[in-house]
Amino acid sequence: RGKGPPTAVNTSDIPNPRCYALSPKSLNILGSRSDIQPAHYESMQVWEQDSPSLVLFHANDLDQTEFNGSYLGAVVEDAPLVSSLWRELRQASSVKLLAERQVVDFSTDGDSDLMQVTTKRSTNDDSKSSSLQTRLLVAADGANSQIRRDCGIKWEGFQYNRTA
């Protein structure tokens with residue numbers, strides 16, 4: 001909340017330890033972006049500490065009618081991925097990007113699929129609020145989402161007691 005889009009990423013910086021494993025379909029949605037530099041992998045092994053059991057996934061095991069590739073997925077670093085996605089959002093003509101704003105109120109009319117949303121700048125200045133109508137409100141306001149709570153959407157967390 002209130003962070004807004006990053007300006008630019010210097011890919012020569014030390015890599016961020018946060019990264020994501022993306023499926024081939026997710027990579028297809030992203031398209032070929034030279035700034036993301038995916039590291040493809042063909043297999044993955046998952047196991048639990050103190051257990052002889054394991055699961056092995058391999059690209060050759062996938063249904064080739066749905067999957068046309070030689071890799072299972074790819075790992076991408078956080079900063080280049082986020083920077084690339086923000087850039088695409090800024091360029092999309094069908095998206096109204098309201099970064100650095102906070103949702104202060106929202107309501108729906110039972111007869112319409114539109115939602116009335118009131119926002120304000122992330123500063124404490126209440127005089128700069130504005131309203132809009134939308135069909136989709138993305139509650140990307142963190143693990144303790146006020147929007148999620150206001151909608152009555154429950155979230156249950158799990159304590160895995162594991163470290164990587």
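No experiment lies behind these values; they were computed from the predicted model shown. Side-chain atoms are counted along with the backbone in the values below, which use heavy atoms only and exclude waters and symmetry mates.
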For S130 and K120, what are the C-alpha separation, side-chain angles and deciding distance, and is it a side-chain contact (heavy atoms from CB on, under 4.5 Å)? CA-CA 6 Å; S130 61; K120 70 173 187 171; over 6 Å; no
Ignoring hydrogens, what is the shortest heavy-atom contact between Q116 and Q133? Give both atom names and the distance. OE1-CG, 3.2 Å
Looking at Y20 and D78, what are the two nearest heavy atoms and their distance? OH-OD1, 2.7 Å
Verify same cluster id: [X], [Y] (apolar side-chain graph, 4.5 Å):
X    : Y    : result
L132 : M115 : yes
W86  : V95  : yes
Y41  : V55  : yes

Say you draw a straight line from [atom1] of [X] to [atom2] of [Y]; how long is it, rounded to the nearest 0.5 Å?
X    : Y    : atom1 : atom2 : answer
C19  : L81  : SG    : CG    : 10.5 Å
E77  : Q37  : CD    : CD    : 7.5 Å
S23  : N28  : OG    : CG    : 8.5 Å
L137 : T108 : CG    : OG1   : 11.0 Å
K96  : L89  : NZ    : CG    : 15.0 Å
L22  : L72  : CG    : CG    : 11.5 Å

Are the side chains of [X] and [Y] in touch, meaning some heavy atoms are under 4.5 Å apart?
X   : Y   : answer
S43 : F57 : no
P38 : H40 : yes
V76 : L30 : no

Test V46 against M44 for side-chain contact (heavy atoms from CB on, under 4.5 Å), laying out the working first. CA-CA 7 Å; V46 181; M44 177 185 294; 4.1 Å; yes
Contacts of type salt bridge (charged side-chain N to carboxylate O under 4.0 Å, His left out), residue R149, not counting sequence neighbours: none
Derivation of the side-chain contact (heavy atoms from CB on, under 4.5 Å) call for T134 and L114: CA-CA 5 Å; T134 184; L114 292 176; 6.0 Å; no
Report, as yes or no, whether the 6.0 Å neighbourhood of atom CD on E42 holds more than 12 heavy atoms from other residues, nucleotides or ligands. no
Once ring pair (Phe, Tyr, Trp, His ring centres under 6.0 Å) is applied, do any residues pair with H58, and if so which ones, sequence neighbours excluded? none
One pair to check against side-chain contact (heavy atoms from CB on, under 4.5 Å): R87 and S84. What are the steps and the verdict? CA-CA 5 Å; R87 185 172 44 260; S84 179; 3.8 Å; yes
Flag for T118-S129: side-chain donor and acceptor within less than 3.5 Å: no
Kindly give the cluster partners of L54, where membership spreads through any ILVMFWY side chain lying under 4.5 Å from a current member. W47, L56
